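Model, not experiment: these values are computed from the prediction. Whatever order the structure lists ligands and atoms in, that order sets their numbers, starting from 1.
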Amino acid sequence: MIGVSTKILGRKIIYFQEIDSTNEYAKRIAMEEEEGTLIIADVQRKGHGRRSREWASPRGGIWMSVILKPDVHPRHLIKIVFVGAVAVVEALEALGVEARIKWPNDILVNGKKICGILAEGKYSESKVDYIILGVGLNINVDKDALPPEATSLKEILGVELPLMDVFKVLIGKLEHWYGIFKRQEHDILFNRWRSHAILNRKVRILSEEGEFEGIAWDVDEDGALIVETPDGKMEKVIYGDVSLRYA
Ligand code: BT5
């Protein structure tokens, strides 16, 4: 039994030793479940990121998904990724680790990815059926079990941490920031996000429209990244990957 002190998130927890993907499982049951149901697994056989990219999920990490049913206009759903990012950064901060957010969904420590966030949902133009917030956080994972661009808390701190302690801190932070999202206090969310984000620097963008370089200045009120191209134009990137360039 996992005891958590949150009120909504994790009021029901479904735990697996092994699963294909907690996000996929969450999607299968989301319509029947209440908001806050959380799926967590020790190992994912087919953990994935965006565009079906593989997500390494060996034993020692937190691989979890929460089912959310916010009563908001669907255009706000992109902000759920920001909720996850700020919560993870604050949870790491509480453990003494300084992390940065790389738009849209990467959490980096010392330039390496320690956590990825994946929000997937079902919604129409006017109504949200559900949104799944998936979080993958490398805790007691050995370097060799991860891609070279990744890191884990174990690598950073040199010790293993009780997974449950980290989970409890994380879910508390998620509930806090999800509450802010539901109250539509978007400025508070965005300002906190900005204070941890990697901004004001040269980046390379890979998006559906192609590749270009520029300076990432900020995000707009919808969460799109604002990038200034070399000819001085401001581009808004809604969906894409950012790689950091060192000037
Ligand atoms: C993400 O995708 O960063 C979102 C990852 C979300 C994973 C969670 S775990 C629980 C839930 N269930 C799931 O099946 N998924 C969610 P993306 O931005 O597409 O980044 C994917 C890239 O991250 C890969 O192509 C690798 O380069 C890198 N990567 C893979 N596994 C990693 C790991 N464990 N740690 C850090 N980086 C990793």
Side-chain angles (χ1 to χ4, degrees), residues 9-10 13-30 37-68 78 80-89 91-92 97 99-121 130-156 163 166-167 170-171 174 197-198 203-208 223 225 237-244:
L9 305 196
I13 295 179
I14 306 176
Y15 160 76
F16 292 93
Q17 289 182 343
E18 203 177 306
I19 197 170
D20 53 351
S21 148
T22 56
N23 258 44
E24 293 308 309
Y25 187 88
K27 283 190 266 179
R28 294 196 285 269
I29 63 167
T37 297
L38 186 150
I39 298 93
I40 186 162
D42 289 340
V43 172
Q44 292 186 119
R45 286 185 306 272
K46 283 179 74 179
H48 64 86
R50 294 177 301 152
R51 300 190 204 128
S52 312
R53 285 191 282 225
E54 210 174 295
W55 182 260
S57 316
R59 191 171 301 282
I62 288 182
W63 324 121
M64 66 174 224
S65 305
V66 204
I67 297 170
L68 304 173
I78 190 168
I80 287 287
V81 176
F82 288 61
V83 166
V86 169
V88 169
V89 167
L92 291 171
V97 173
R100 308 287 305 279
I101 304 167
K102 180 159 80 73
W103 185 94
N105 65 331
D106 293 350
I107 310 297
L108 309 183
V109 177
N110 304 328
K112 289 188 157 192
K113 186 158 167 178
I114 194 164
C115 173
I117 294 157
L118 182 66
E120 301 179 284
Y130 62 79
I131 177 113
I132 310 293
L133 175 61
V135 179
L137 178 59
N138 305 321
I139 302 178
N140 304 324
V141 185
D142 284 325
K143 236 167 58 178
D144 338 338
L146 293 171
E149 65 277 18
T151 188
S152 68
L153 271 178
K154 181 176 172 178
E155 186 189 359
I156 295 155
L163 281 186
V166 183
F167 172 74
L170 177 58
I171 189 173
L174 276 173
I198 303 171
V203 292
R204 179 160 198 86
I205 305 292
L206 283 119
S207 74
E208 254 134 47
L225 188 68
V237 187
I238 295 162
Y239 195 87
D241 286 307
V242 171
S243 66
L244 302 173

Between Glu54 and ligand 1, which part of the residue brings a heavy atom under 4.0 Å of the ligand: side chain, backbone, both or neither?
-> backbone

To the nearest 0.1 Å, how far is atom 31 (N) of ligand 1 from its closest protein heavy atom, and which atom is that?
-> Ala56 N, 2.9 Å

Trp63 (side chain) donor-acceptor with Gly134 (main chain) under 3.5 angstrom | no

Sub-4.0 Å atoms of ligand 1 with respect to non-hydrogen atoms of Gln44 = 9 (S), 10 (C), 11 (C), 12 (N), 13 (C), 14 (O)

Check: of Arg53, Arg50, Lys113, Lys102, min heavy-atom distance to atom 20 (O) of ligand 1 comes from Lys113

Ser65 meets the side-chain hydrogen bond (donor to acceptor under 3.5 Å, both in side chains) criterion, sequence neighbours left out, with Thr22, Asn23

Which atoms of ligand 1 sit under 4.0 Å from any heavy atom of Ala150?
-> 35 (N), 36 (C), 37 (N)

Ion pair Asp20/Arg28, N-O distance below 4.0 Å = yes

Taking the six-membered ring of Tyr239 (Phe, Tyr or Trp), confirm whether the NZ or CZ of Arg51 is under 6.0 Å from its centre and within 45° of its axis.
-> no

Which atoms from ligand 1 have a heavy atom of Ser21 less than 4.0 Å away?
-> 12 (N), 13 (C), 14 (O)

Can we say Glu24 and Lys46 salt-bridge, meaning some charged N sits less than 4.0 Å from an Asp/Glu carboxylate O?
-> no

Which atoms of ligand 1 are found less than 4.0 Å from any heavy atom of Gly47?
-> 14 (O)

Ile29, CD1 atom: more than 12 neighbouring heavy atoms under 6.0 Å = yes

Going by the side-chain contact (heavy atoms from CB on, under 4.5 Å) test, name the single residue among Val166, Ile117, Leu163 that passes it with Leu137.
-> Val166

Who gets closest to atom 35 (N) of ligand 1 by heavy atom: Asp20, Asn105, Asn138?
-> Asn138

Test salt bridge (Lys or Arg N to Asp or Glu O under 4.0 Å) applied to Arg100 - qualifying residues, sequence neighbours left out | none

Which is closest to atom 29 (N) of ligand 1 in terms of heavy atoms, Gly61, Pro147, Ser65, Ser152?
-> Pro147

Salt-bridge criterion met for Glu120 and Lys27 (N-O under 4.0 Å) | yes

The option among Glu149, Lys112, Met64 carrying the non-hydrogen atom nearest to atom 26 (C) of ligand 1 is Glu149

Atoms in ligand 1 with a heavy atom of Ile117 nearer than 4.0 Å | 4 (C)

Element-labelled atoms of ligand 1 that are located less than 4.0 Å from some non-hydrogen atom of Thr22 = 10 (C), 11 (C), 12 (N)

Counting heavy atoms under 4.0 Å, the part of Leu146 that contacts ligand 1 is side chain

